[in-house]
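Here the structure is laid out as structure tokens; the discussion comes afterwards.
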There are 2 protein chains.
Amino acid sequence: MPQPVKSTTITGMFPRICIVGVGLLGGSFAAALRARGYRGHISGCGRRSMADLVSKGLLDSEEESFANNQVCYADLIYLAAPINNIIEFLNSKGHLIKPGAIVTDAGSTKREIVAAGSKIATAATFIGAHPMAGSERTGPEYSNPQLFVGATYIITPTETTDKDAIAKLELLIRFLDAHPVILNPEDHDRMVALISQIPQLLSTALAAQVGSDPASESLFGLAGNGYRDMTRLAASKWSVWGDICETNADNLADGLDKLIGSLSDLRSALKNQNEKAISDYFDRANTAAEQLRQTKVKLFSQ
Amino acid sequence: MPQPVKSTTITGMFPRICIVGVGLLGGSFAAALRARGYRGHISGCGRRSMADLVSKGLLDSEEESFANNQVCYADLIYLAAPINNIIEFLNSKGHLIKPGAIVTDAGSTKREIVAAGSKIATAATFIGAHPMAGSERTGPEYSNPQLFVGATYIITPTETTDKDAIAKLELLIRFLDAHPVILNPEDHDRMVALISQIPQLLSTALAAQVGSDPASESLFGLAGNGYRDMTRLAASKWSVWGDICETNADNLADGLDKLIGSLSDLRSALKNQNEKAISDYFDRANTAAEQLRQTKVKLFSQ
């Protein structure tokens with residue numbers, strides 16, 4: 001088990017942190033730092049009123065440098081805006097980041113963001129990242145200092161990313177009690193489509209289907225825990241998912257193709273009373289469910 | 001709010017209860033009766049060793065009448081075996097049920113069971129039922145006296161079913177702290193396919209898909225709560241689902257058809273970057289998720 005990361009280490013490494021986009025993730029990042037004893041300065045900027053978040057103590061100050069086209073002196077820039085806003089920020093404000101700073105993000109797709117990050121016109125280091133944590137809720141009012149605890153936190157450096165900066169980001173992630181995992185941006189986008197984004201689209205389709213049924217009200221009255229679990233993600237907002245669908249459309253379409261194939265197999269097997277074909281799916285799913293359960297145990301016993 | 005049902009009422013109405021098939025549901029039914037102060041006699045029979053369940057106190061005795069082709073004197077027969085076993089029991093042992101007894105079941109599809117129940121060759125009353133409670137676990141070792149609490153408990157009488165018997169069964173269901181709902185067997189099978197069985201097949205397909213991926217081990221390492229929720233049902237066993245798929249194949253195939261249609265829409269919209277089409281699904285799913293949440297509140301505030 002690795003040593004816990006001290007708050008003095010993180011405060012010393014990043015005396016000034018700026019969060020760009022203070023929603024659920026950005027707010028939880030600030031709350032998590034504070035809850036673990038981080039003593040540096042946290043500023044924030046974005047579309048929301050920062051004054052409110054400063055008065056509530058989540059932030060120390062509003063970050064005004066970027067809006068004023070001045071250099072930002074933060075040692076760590078944490079981009080937690082929607083994906084396309086992150087890309088636009090990197091393109092239009094990247095030159096205002098101070099040399100030597102580390103810039104990371106929390107976007108759910110990585111290829112386009114990493115491409116934009118690699119073009120920052122200063123000597124700052126960009127490292128794409130994706131905390132596998134979140135909620136169907138949005139907004140800093142749902143900030144949760146424990147949001148990252150136990151979560152897989154993917155980082156997607158490129159071959160030329162500075163190794164010291166990667167090591168620092170890993171320490172920060174462990175400070176949040178999350179588990180850093182390194183992937184390249186292409187593998188990230190394919191894998192996350194399968195394990196996170198396709199399940200979202202399925203949950204959306206399933207809820208929309210029952211919602212459109214003439215008997216929807218009675219159907220919801222019959223819903224048990226199974227249906228509730230399967231449609232929890234259906235509350236997720238298009239304001240978050242629009243950018244994901246746009247920047248990972250190829251992987252999502254491929255994943256849906258395979259799933260449509262599986263469901264068509266099942267449908268044919270039902271029509272033909274081909275018991276063996278359906279039971280094979282159940283057997284494979286049982287094995288996968290067991291593998292998943294063991295993976296969890298492994299993670300928590302590390 | 002209706003009056004709570006007294007244990008003396010249930011004990012008086014059903015002094016002897018026989019459970020046929022003592023697995024998770026049958027065992028939980030016995031445990032729920034005991035936990036609420038039922039003082040009558042509970043017997044059980046099935047493929048498992050009943051001696052074990054008697055020694056653990058879940059049952060008072062093994063029911064041997066049916067095996068010996070003798071009349072069973074229980075006032076309530078609770079059929080909690082797999083669907084095809086229930087049907088076979090009704091066909092081959094129905095004549096051994098004493099006149100005046102109420103026979104009900106806990107099977108997840110109703111048309112075929114109700115058809116078999118209507119042919120019992122004695123003056124007992126059969127009322128099909130389906131508690132919307134369960135678990136991906138099977139076996140009496142997972143018996144839970146609170147399994148039915150707050151659950152919707154569907155009963156599917158026919159037009160000729162004795163009204164007094166229906167009223168008694170409703171009292172029993174309320175005694176378990178579940179909510180009785182009356183549906184006809186056809187509506188039941190169509191609605192439960194949509195709200196419970198299609199979600200199961202989806203969960204199975206989703207888990208099988210990731211399990212078959214060459215990178216499955218790494219993928220499971222990335223799984224967050226969303227994927228875990230969506231694949232919890234994937235641990236369900238074919239031993240339970242085989243009969244469901246067989247006896248509700250038409251409704252399941254229809255429901256899968258519609259879902260495949262939705263997913264194909266989403267896939268085309270992704271390929272064509274048709275943002276509007278995908279956002280419509282998210283909007284409809286958001287509305288449905290909200291409706292579902294409000295339905296839950298209604299249920300609990302009854």
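For the numbers below, each heavy atom of this structure counts, side chains included, while hydrogens, waters and symmetry mates do not.
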(request) Hey, could you give me the CG/CZ distance between A:Asp229 and B:Arg228, rounded to the nearest 0.5 Å? (result) 13.0 Å

(request) Could you tell me which portion of A:Glu290 (side chain, backbone, both or neither) has an atom closer than 4.5 angstrom to a non-hydrogen atom of chain B? (result) neither

(request) Under 4.5 Å, counting heavy-atom pairs only, tell me which of A:Ile154, A:Leu266, A:Leu219, A:Leu194 racks up the most with chain B. (result) A:Leu219

(request) Using non-hydrogen atoms and a 4.5 Å limit, figure out which bit of A:Asp213 sits close to chain B: side chain, backbone, both or neither. (result) side chain

(request) For each of A:Ala133, A:Ala269, A:Cys245, A:Ser262, tally heavy-atom pairs with chain B at distances under 4.5 Å, and name the one with the top tally. (result) A:Cys245

(message) One pair to check against side-chain contact (heavy atoms from CB on, under 4.5 Å): B:Thr295 and A:Glu217. What are the steps and the verdict?
(response) CA-CA 8 Å; B:Thr295 306; A:Glu217 205 171 327; 5.8 Å; no

(message) Quick check for you: to the nearest 0.5 Å, what is the distance between A:Thr204 atom OG1 and B:Ile278 atom CD1?
(response) 10.5 Å

(request) Tell me, for B:Ser268 versus chain A, whether the close heavy atoms (under 4.5 Å) come from the side chain, the backbone, both or neither. (result) neither

(request) Scan residues 244-253 of chain A for pairs that pass salt bridge (Lys or Arg N to Asp or Glu O under 4.0 Å), counting only residues two or more places apart or in two chains. (result) A:Arg111-A:Asp250

(message) Does any backbone or side-chain atom of A:Ala151 lie under 4.5 Å from a heavy atom of chain B? Answer side chain, backbone, both or neither.
(response) neither

(request) With a 4.5 angstrom heavy-atom cut-off, could you sort out which part of A:Glu275 is near chain B: side chain, backbone, both or neither? (result) both

(request) Please determine, among B:Lys271, B:Gln273, B:Lys258, B:Gln200, the option with the most heavy-atom pairs under 4.5 Å with chain A. (result) B:Gln273

(message) Once rounded to the nearest 0.5 Å, what's the spacing between atom CG of B:Leu292 and atom OG of A:Ser216?
(response) 10.5 Å

(request) Can you measure from OG (A:Ser264) to CG (B:Asp257) and round to the nearest 0.5 angstrom? (result) 8.5 Å

(request) Residue by residue, scan residues 279-287 of chain A and write down, ordered by number, those that have a heavy-atom distance under 4.5 Å to chain B; if none do, write 'none'. (result) A:Ser279, A:Tyr281, A:Phe282, A:Arg284, A:Ala285, A:Asn286

(request) List the steps, then state whether side-chain contact (heavy atoms from CB on, under 4.5 Å) holds for A:Leu270 with B:Leu201. (result) CA-CA 11 Å; A:Leu270 283 162; B:Leu201 296 182; 4.1 Å; yes

(request) Could you tell me whether the side chain of B:Leu202 reaches within less than 4.5 Å of the side chain of A:Leu263, counting heavy atoms only? (result) yes

(request) Go through the structure and list residues passing side-chain hydrogen bond (donor to acceptor under 3.5 Å, both in side chains) with A:Glu170, not counting sequence neighbours. (result) none

(message) Looking at chain B, which one of A:Leu222, A:Thr231, A:Asp265, A:Asp254 has the largest number of heavy-atom pairs inside 4.5 Å, strictly under?
(response) A:Leu222

(request) Grab the two heavy atoms, one from B:Ile195 and one from A:Tyr227, that are nearest each other, plus how far apart they are. (result) O-CB, 3.3 Å

(request) Please determine, among A:Leu206, A:Leu252, A:Ile198, the option with the most heavy-atom pairs under 4.5 Å with chain B. (result) A:Leu206

(message) Please output the residues of residues 183-193 of chain B in contact with chain A, using a heavy-atom cutoff of under 4.5 Å, in numerical order.
(response) B:Leu183, B:Arg190, B:Met191

(request) Return the option, out of A:Pro199, A:Gly211, A:Ala249, with the maximum number of heavy-atom pairs under 4.5 Å with chain B. (result) A:Pro199

(request) Would you give the length of the straight line joining atom CG of B:Leu233 to atom CE of A:Met230, rounded to the nearest 0.5 angstrom? (result) 6.0 Å

(request) Output yes when a side-chain donor or acceptor of A:Ser196 lies under 3.5 Å from a complementary backbone atom of B:Gly224, and no otherwise. (result) no

